[in-house]
Enquirer: 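One structure, pasted below without further comment.
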Amino acid sequence: MGRYTLMRLGVLGGCFLVVWGLVAVGIVPSGIGGSYWLWIALLALVVSAPLSFVLLRKERDRASEKIVARVDRAKANMAANRSMEDEADDAARSRAHTQGA
């Protein structure tokens, strides 16, 4: 997951530099008033989102597989803990029932 995040930040950084260059040359408008850096950041975000979606597809799939595996392990652990608690509760109830009888 960390690798995907770093790759995504790299794509964003690259887009930021490209947009900054395009604004500095005058190909892309520079924004209104004092919004120069905010405008560049916004354009970089808009450009990097679809690029990341296409370019990082394999890495995103690997990261999602890892997440699914973690969630499945957590669910299995919770189910095992639940069954252990049920067994302990049943044993305690049967002991109480036999002692009370």
Side-chain angles (χ1 to χ4, degrees):
M1 188 68 187
R3 181 177 175 180
Y4 173 72
T5 302
L6 288 175
M7 291 173 79
R8 180 84 194 262
L9 287 172
V11 171
L12 176 62
C15 288
F16 185 86
L17 291 175
V18 169
V19 170
W20 178 56
L22 292 175
V23 169
V25 172
I27 296 174
V28 176
S30 62
I32 299 171
S35 66
Y36 182 76
W37 293 109
L38 182 63
W39 174 249
I40 292 173
L42 180 66
L43 284 177
L45 281 170
V46 168
V47 170
S48 72
L51 282 176
S52 294
F53 185 75
V54 172
L55 296 175
L56 303 179
R57 175 168 292 166
K58 290 180 184 177
E59 189 61 36
R60 187 178 57 249
D61 290 344
R62 276 189 228 126
S64 68
E65 287 173 5
K66 289 180 183 178
I67 291 171
V68 167
R70 278 190 207 155
V71 168
D72 289 344
R73 262 186 274 133
K75 284 181 181 179
N77 288 339
M78 288 178 65
N81 288 341
R82 209 175 304 126
S83 68
M84 286 174 52
E85 288 175 7
D86 290 344
E87 290 170 7
D89 185 50
D90 290 343
R93 287 175 192 257
S94 67
R95 276 193 307 264
H97 181 67
T98 57
Q99 289 175 355

Enquirer: Who else is in the cluster with Leu6 when I, L, V, M, F, W and Y are joined by side-chain contacts under 4.5 Å?
Expert: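 Besides Leu6, the cluster holds no residue at all.
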
Enquirer: What's the spacing between Arg3 CZ and Arg60 CZ if we round to 0.5 Å?
Expert: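 Result: 14.5 Å between the selected atoms.
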
Enquirer: Leu38: which other cluster members, linking ILVMFWY side chains closer than 4.5 Å, directly or transitively?
Expert: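 ILVMFWY cluster around Leu38 holds nothing else.
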
Enquirer: For residues 16-30, please give each side-chain donor-acceptor pair under 3.5 Å, one per line with the distance, not counting sequence neighbours.
Expert:
none

Enquirer: List, one per line, each side-chain donor-acceptor pair under 3.5 Å for residues 41-55, sequence neighbours excluded.
Expert:
residue: Ser48; atom: OG; partner: Ala44; partner atom: O; Å: 3.1
residue: Ser48; atom: OG; partner: Leu45; partner atom: O; Å: 3.3
residue: Ser52; atom: OG; partner: Arg8; partner atom: NE; Å: 3.1
residue: Ser52; atom: OG; partner: Ser48; partner atom: O; Å: 2.9

Enquirer: Can you list the residues that meet the salt bridge (Lys or Arg N to Asp or Glu O under 4.0 Å) rule with Arg62, with sequence neighbours excluded?
Expert: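 Expected list: Glu59.
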
Enquirer: What side-chain donor-acceptor pairs closer than 3.5 Å can you find for residues 67-78, not counting sequence neighbours?
Expert:
residue: Asn77; atom: ND2; partner: Arg73; partner atom: O; Å: 3.4

